[in-house]
Amino acid sequence: MNWSIIIESTLEAMVTKNAVVFALAAIGLNIHYGYTGLLNFGQAGFMAAGAYGTGIAITQWGWTIGPAALFGIVLSVLLAFFLGLPTLRLRADYLAIVTIAAAEIIRRIVKSTQYSEVTGGSGGLNGIGRGFYDNNPIDSGLDLGIVSFSERELWFMVVGWGVVVLCMVLTYLLVRSPWGRVLKAIREDEDAVRSLGKNVTWYKMQSLILGGMFGALGGIMLTLEQQSVQPDQFFTPTTFFAFTALILGGAGRVFGPVVGSMLFWGIIQFTDVSLRQAIANDHIPTWLMDGVQAGQVRFIIAGGLLAALMIFRQQGLFGNKREVALDDH
Amino acid sequence: MTTDAFDQVEPRPGSPKRDTILSVDGLVRRFGGITAVDVDHLEIQANAITGLIGPNGAGKTTFFNLITGFDEVTAGTFQFKGEPLEGVPAYKVARKGLVRTFQLTKALSKLSVIENMKLGAVGQVGENPFKALIRPIWGNQEREIEARADELLKRFKLYEKRDDYAGELSGGQRKLLEMARALMADPEVICLDEPMAGVNPALTQSLLQHVKELKDEGLTVVFVEHDMDVVRDISDWVVVMAEGSIIAEGSHASIGKNQAVIDAYLGTAHEIDLGTIELDPEKH
Amino acid sequence: MPAAPRRLLLLLVALTSVLGFSFVGAGAASAQDATEEPGDPEATPEAEEAAEDESIASVVGSLKYDDEEDNEVPVEGVEISATGADGEEVAIDTTAEDGTFLLELPEPGEYTFTVNPDTIPDGISLRSEERGTTTFSLSPGQQRTVLFPLVEGEARERSSGSTKIAQVPQLAFEGFKFGLIIAMSAVGLSLIYGTTGLVNFAHGEVVTFGALLAYLFNVTFGLHLLIAGPIAVLLAGVFGGGFDRGFWRPLRNRGTSLIAMLVVSIGLSLVLRYIFLYQFGGRTRPFDQYAIQTDTIEFLNITMVRKDIWIVVVSIILLVLVALALGGTRIGKATRAVADNRDLAESSGIDVEKVILVVWAVGSGLAAVGGIFLGLTEQVSWQGGFQLLLLMFAGVTLGGLGTAYGALVGSIIVGLAVQLSTLVISSELKNVAALLILAFILLVRPQGILGRKERVG
């Protein structure tokens with residue numbers, strides 16, 4: 001077992017690509033679930049809207065990154081409208097059903113050969129946004145001893161975490177405003193809010209749109225980081241990774257999704273690399289687990305973590321017990 | 001308590017009022033095969049306290065749900081200040097000035113008491129997501145709202161609890177909070193669904209006083225209640241429902257002698273002593 | 001901590017041990033298949049890295065088609081060429097074993113890419129002849145993916161209107177059969193919702209679980225499917241009941257909110273699905289019996305094999321029995337009463353927890369039947385049930401969430417819609433039709449066809 005590799009890759013996973021992408025997706029889910037009580041189980045669909053919108057605009061129409069990203073966000077807004085319209089008047093579980101189905105449908109559409117001229121089919125789109133790394137002002141890597149980052153990684157981290165911080169500030173401002181108060185009230189009891197003259201359905205729509213936009217930003221950052229996009233990156237577990245990250249860090253608090261995403265990817269990477277090390281060093285016999293199966297363990301951990309948190313610690317690792325106690329009424 | 005407004009009003013179901021603020025015609029609500037509400041005609045007198053009583057399952061709460069837009073009518077019309085209200089969504093009904101509370105209190109547990117109160121205020125600039133981002137736009141209004149909320153909290157003796165979670169209040173305090181919050185919405189008519197249920201007797205008197213004060217401030221109060229002492233104490237006019245229909249109207253004195261009312265209650269309960277104890281033993 | 005976690009642990013251990021290690025052979029085999037574990041979010045195509053520093057443009061792609069089970073099958077040895085704007089061929093490549101090809105282009109510009117139709121193996125054809133060529137321009141250093149859609153059999157888009165109508169009876173039959181499978185799987189989903197209020201997102205895994213159990217007894221232990229199937233159904237019922245007793249009931253008693261339980265079910269779904277994958281591998285596998293039946297029966301323009309008829313007949317019998325049980329037996333009436341109004345049912349002396357237990361057991365058993373029939377139609381897969389889940393939701397919502405009869409009607413409509421939609425849209429996208437129906441029904445009649453109108457905001 002090479003512990004330095006395990007620690008290095010764990011630390012790296014906590015601050016690079018996935019941590020950023022899923023922090024953004026989870027910030028979006030936090031608006032939905034944490035503040036409004038909406039169950040969006042199709043965040044992957046919003047991420048796909050952002051990623052593919054950007055990717056298509058750049059590779060097919062030759063747009064630059066800025067307008068292309070904007071196009072991706074516009075797509076996510078349209079998606080939110082389309083999903084919200086039939087479901088937001090109804091009970092929370094209908095939204096869950098429709099969103100999970102929609103995200104899966106989106107994945108199948110972009111994967112299908114029928115639209116592959118535009119979406120690249122199962123291969124996805126490549127060569128997206130070269131300008132992103134071309135404009136990298138950082139010209140040397142950073143070596144911190146345990147972990148080191150290339151200049152490319154550093155550039156992505158600067159931009160990615162910059163976007164995350166921006167989204168957190170936005171969330172902070174919004175949830176402390178009267179607007180945020182309405183959302184939190186809807187989370188508690190929407191009839192009460194209705195009785196006070198607020199158009200609850202419309203607020204839920206606003207929440208769905210905003211959270212979906214954050215999700216789209218996550219998809220955009222993913223696309224820029226890897227300069228490509230593949231349809232299967234937006235399969236259902238993607239949404240639940242983000243959901244687990246959110247619950248882990250604490251839903252309904254500004255830092256929750258960000259801390260949660262870092263922790264989540266730390267845990268996933270740690271087990272992943274540890275298992276692979278153990279297999280490589282024959283600590284785990286191959287009849288019990290091989291390399292492919294080691295890659296599947298992350299899903300089991302994510303799902304188990306989500307279920308366990310919802311049962312035993314809904315407030316997340318750092319949440320407030322006092323608030324959860326109020327649920328029992 | 002007598003009010004001139006009712007001097008000329010006949011004590012019969014559907015009687016016209018001198019100054020009607022809310023009127024209902026042919027209002028029907030069916031669930032599957034069951035008719036929950038079937039009201040021929042009812043008028044509510046403005047600036048008065050009208051008590052709505054009746055045995056369990058009489059359709060009182062459904063009636064409230066219908067006129068406040070929380071339920072859809074099967075048939076019929078109703079007007080608020082002469083304006084048709086059927087099909088109008090609940091939030092718009094509230095904005096027009098017809099605000100309700102709920103039988104099972106809907107205090108928003110994870111919001112503080114003061115946040116609950118501030119939520120009630122209508123026309124808040126900061127409830128627009130774009131303006132919400134810039135505090136200076138809504139900061140002044142927020143301060144005014146907060147001052148008004150503190151005012152009401154003091155009146156309802158909740159000021160000490162202002163920063164507690166609403167979920168930490170007692171049942172009675174939640175009732176108070178809900179009523180105070182409804183007042184934040186500047187209603188003209190306030191519909192209280194069992195405002196005294198679960199309120200401890202020590203609080204009841206002050207709560208009743210608040211309701212009476214509402215009338216003095218020009219509001220119209222409609223309330224559902226089971227406690228006949230309460231009904232006698234504060235209502236100017238009593239409407240009795242049974243099996244979805246209005247079976248009697250009148251002052252509480254005339255209602256106590258009404259044979260239809262006694263029969264309706266006897267149909268559901270035996271230990272009956274109209275006017276002294278609660279009419280609804282199942283409520284305990 | 002209460003007994004809940006201990007019971008859960010026991011249950012999971014039991015589950016993995018029964019299912020788990022008996023598949024070890026299968027699991028190990030999966031390594032060589034380089035399983036189709038979908039979309040590792042970390043995966044970055046290496047081809048892209050390679051193209052990074054080159055200033056010339058290139059085109060990559062792969063030739064694949066989806067077989068009946070929706071598996072991608074690569075096609076080897078097909079010639080693909082690139083022609084410049086002047087009509088000169090500048091690059092040519094033949095697809096490799098995995099169906100991929102790479103055309104390196106000398107300079108940026110506009111090119112036409114063509115598949116040589118003579119090199120396409122028999123039994124496979126281009127979706128349509130026009131899609132055999134495509135033209136676009138490439139910028140410096142750009143790498144683009146190009147796909148030539150292939151289908152099994154003759155090109156579908158070539159079929160004219162009259163032959164489409166001729167397909168209707170066949171598709172309708174398949175849709176009806178599929179609808180019955182959805183219905184059987186979904187009865188439990190709907191009744192669990194009706195009696196407990198839980199939208200169980202792990203119900204798809206119950207379906208898969210049934211199919212895997214049958215596979216275990218059938219293929220691993222060598223029992224005939226006619227014996228293995230019923231054993232699997234019974235065991236699935238027992239597990240379903242145990243699951244309620246040992247897991248969901250304690251959660252209900254703890255006062256866990258419905259929303260929280262819904263999210264718990266999502267987590268469980270993920271756990272179970274990937275335990276299945278872990279043990280069963282990513283490949284789809286057939287049962288030992290009835291996998292291939294060649295003697296077709298023609299009836300009213302419908303071609304079917306014997307197992308199709310049996311699936312339809314057994315499904316109808318089971319569903320009729322469910323309907324009769326709900327209408328006529330004590331427990332059935334109690335179930336409807338609980339679904340109608342739990343508090344009222346409880347106060348009138350019905351043992352609500354017992355009803356829920358029965359619903360879980362029977363619902364899981366039926367889901368297992370659905371899973372086995374699905375496996376007979378499409379082979380057994382680790383995510384067969386999950387793929388069915390979205391259609392079950394569509395069917396259940398369409399018919400009215402919480403009602404048993406509604407689940408039947410809605411599911412059959414969804415089955416028909418999915419199959420018949422292939423008349424107008426690509427079969428890759430057939431499930432889209434189900435979602436569109438779902439969205440539409442939520443807009444106009446959110447309580448579903450047979451559901452009772454609930455107050456909505």
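Keep in mind it's a predicted model, so treat the numbers as computed, not measured.
- Heavy-atom minimum distance, B/Phe70 versus A/Ser195: CZ-N, 3.6 Å.
- Within the model, atoms CD of A/Gln206 and CG of B/Asn128 stand 7.0 Å from one another, a figure rounded to the nearest 0.5 Å.
- Counting heavy-atom pairs under 4.5 Å between each of B/Glu115, B/Arg100, B/Gln141, B/Glu178 and chain A puts B/Glu115 at the top.
- At a 4.5 Å heavy-atom cutoff, A/Tyr172 makes no contact with chain B through either its backbone or its side chain.
- Across every non-hydrogen atom of A/Ala192 and B/Phe102, the tightest pair is CA-CE1, 4.1 Å.
- One N or O on the side chain of A/Tyr203 and one on the backbone of B/Glu127 form a donor-acceptor pair closer than 3.5 Å.
- The OG atom of A/Ser177 lies 9.5 Å from the CD atom of B/Gln124; values are rounded to the nearest 0.5 Å.
- A distance of 6.5 Å separates NZ of A/Lys184 from CG of B/Leu111, quoted to the nearest 0.5 Å.
- Contact of A/Leu183 with chain B is not made at all, since no heavy-atom distance falls under 4.5 Å.
- Judged purely by atom type and a 3.5 angstrom limit, A/Lys198 uses its side chain to pair as donor or acceptor with the backbone of B/Leu119.
- Within 6.0 Å of NZ on B/Lys161 lie no more than 12 heavy atoms contributed by other residues, nucleotides or ligands.
- Taking both residues in full, the closest heavy atoms of B/Ala185 and A/Leu196 are given as CB-CD2, 4.5 Å, listed atom of the first, atom of the second, then distance.
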Evaluate the side chain to side chain contact (heavy atoms under 4.5 Å, CB included) criterion for residues A/Arg194 and B/Lys106: first the C-alpha distance (whole Å), next the side-chain angles of each, then the deciding distance (0.1 Å), finally the verdict.
-> CA-CA 11 Å; A/Arg194 265 194 196 99; B/Lys106 292 187 185 293; over 6 Å; no
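- Interface remark: B/Ala107 contributes no atoms to any contact with chain A (heavy atom separation under 4.5 Å).
- Of all heavy-atom pairs between A/Asn199 and B/Tyr91, the closest is ND2-OH, 3.0 Å.
- Applying the 6.0 Å contact sphere to CD of B/Glu213 captures more than 12 heavy atoms from other residues, nucleotides or ligands.
- Contact record, B/Pro129 with A/Leu174: O-CD2, 3.4 Å, taken as the closest heavy-atom pair.
- Atom CG of A/Asp189 and atom CG of B/Leu104 lie 10.0 Å apart (nearest 0.5 Å).
- A donor-acceptor distance shorter than 3.5 angstrom exists from the side chain of A/Glu188 to the backbone of B/Lys110, with no hydrogens or angles considered.
- Both the backbone and the side chain of B/Lys118 come within contact range of chain A, each with at least one heavy atom under 4.5 Å from a heavy atom of that chain.
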